[in-house]
Amino acid sequence: MIAEAGTTTLEQATNILLLAAITGIAIAMVFSMLRAILGPRASDRLISVNLIGTKTIILICLLAVYLREQYVVDVALIYALISFLAVIVLVNAYRTAHDIRNAKKEEREQEMELNKEER
């Protein structure tokens with residue numbers, strides 16, 4: 001990292017620390033993405049998608065500090081709202097699919113009981 005003219009040692013150390021944190025969060029996001037892809041259950045995927053959203057918010061805030069651009073924090077807040085709504089939609093879709101699966105399972109069990117009674 002090349003030191004800019006007029007920066008103090010403390011500012012340089014802060015920049016190095018911020019870059020290390022940004023890199024660490026980005027690597028953690030890759031592992032979360034792998035968990036979202038590999039599963040094995042839908043709940044694991046749902047939690048990892050939520051975790052990716054949270055890490056993205058942290059990453060945006062770290063970039064705001066590194067770039068010294070405070071308006072980027074507003075982008076992080078908007079992303080947080082969108083991420084929250086996306087997780088709510090995914091949970092509702094998962095719940096609906098789970099309820100449909102359970103209803104079909106109950107119907108099959110009732111049909112099996114009726115078949116046993118007829119014999």
Under 3.5 Å donor-acceptor, [X] side chain and [Y] backbone:
| X | Y | result |
| --- | --- | --- |
| R108 | M112 | no |
| S83 | Y79 | no |
| E11 | T8 | yes |

Heavy-atom pair with the smallest gap, counting every atom of [X] and [Y]:
| X | Y | result |
| --- | --- | --- |
| S32 | K55 | OG-NZ, 2.9 Å |
| V73 | A64 | CG2-CB, 3.8 Å |
| R35 | P40 | NH1-CD, 3.6 Å |

Interatomic spacing from [atom1] in [X] to [atom2] in [Y] - rounded to 0.5 Å:
| X | Y | atom1 | atom2 | result |
| --- | --- | --- | --- | --- |
| L90 | I47 | CG | CD1 | 12.5 Å |
| L51 | M29 | CG | CE | 9.0 Å |
| T23 | L59 | OG1 | CG | 9.5 Å |
| I57 | I52 | CD1 | CD1 | 12.0 Å |
| L63 | I25 | CG | CD1 | 11.0 Å |
| I60 | I78 | CD1 | CD1 | 10.0 Å |

Note to self: Hydrophobic clusters here meaning ILVMFWY residues chained together by side-chain heavy-atom distances under 4.5 Å, can you tell me if L18 and L67 are in one?
What the structure shows: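 L18 and L67: one cluster.
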>> Side-chain heavy atoms nearer than 4.5 Å, only ILVMFWY residues, links allowed to pass through others: does that put Y94 and V89 together?
In response: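 Unlinked, Y94 and V89 end up in two clusters.
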TODO: Tell me, with the steps shown, if N50 and L46 meet side-chain contact (heavy atoms from CB on, under 4.5 Å).
DONE: CA-CA 6 Å; N50 189 20; L46 184 65; over 6 Å; no
*Begin with the C-alpha distance, continue with both residues' side-chain angles, and end with the deciding distance and a verdict on side-chain contact (heavy atoms from CB on, under 4.5 Å) for I58 and L62.*
CA-CA 6 Å; I58 294 169; L62 287 172; 4.1 Å; yes
> When you look at M33 and V30, which way does the side-chain contact (heavy atoms from CB on, under 4.5 Å) test go after all the steps?
Replying inline: CA-CA 5 Å; M33 184 65 74; V30 169; 5.6 Å; no
